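Here is the structure we will look at, set down as structure tokens.
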Amino acid sequence: MRYWLMKTEPSVFSFEDLRKRPRSTDHWEGVRNYQARNYLRDEMRKGDKVLFYHSQCAEPGVVGVAEITREAYPDFFCWNRRSKYYDPKSTPEHPRWFMVDVTWKRAFRRTVTLKEMRDIPGLRKMKVLQKGQRLSIMPVTKEEFAIVSAMGMTEER
DNA sequence: GCCAACGTTGGC
DNA sequence: GCCAACGTTGGC
């Protein structure tokens, strides 16, 4: 099993939005970066665990845990002219972009903030903390996942 | 809204 | 294949 961190802007699609979807599951469309696409298409497997990260908000950080429940399949938003993710270069015959299904698992008792994570020695190499790292999907080590999960389950900082 | 750090595009 | 221009991301 692998571990991931996936970013969203809560004003667009939040962790709570995911929880409220039927079966607390939704497709993760709109990945339009090749490196993120490769992670998603080639390495994400059903059952992988996800740190769900909120960006572009008052308190950027990890808010809970989700799980990959369907492996990569073509992102059909590419084929919808009205979608902001429309991309005529991705066709049903030769899809360029993919999505996975993600299922809400549990909310943390509090947000594990970016700021806070920077001070944890065990997270020093975590990709999301590295300068210039902007991918919306990044791998996380088992240890990093365990540390962040444990932080999210304790009230105090 | 600013700006650093990318990634992509397209002329040459 | 180079690289300038442009677009995007995301913390602050």
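Order of the sequence lines sets the chain letters (A, B, ...), proteins ahead of strands, with each chain counted from 1. Since this is a predicted model, take the numbers as computed values, not measurements.
Partner A:F52 forms a ring-ring contact (aromatic ring centres under 6.0 Å, His included) with one of A:W28, A:W4, A:F145 and no other, that one being A:W28.
The span of DNA chain B lying next to chain A, judged by atoms under 4.0 Å from heavy atoms, is bounded 5' to 3' by B:dA5 to B:dT9.
Here salt bridge (charged side-chain N to carboxylate O under 4.0 Å, His left out) pairs that include residues 60-73 of chain A, with residues two or more places apart or in two chains, are A:R45-A:E71, A:K49-A:E67, A:E67-A:K105.
Looking at A:S24, its side chain does come within 3.5 Å of a backbone N or O of A:R19 through a donor-acceptor pair.
A donor atom on one side chain and an acceptor atom on the other are found under 3.5 Å apart for A:D101 and A:Y73.
Here the two rings, on A:W97 and A:F76, have centers that are 6.0 Å apart or farther.
Comparing A:Q56 and A:K89 by the nucleotide of DNA chain B that holds the closest heavy atom to each, the one mapping nearer the 5' end is A:Q56.
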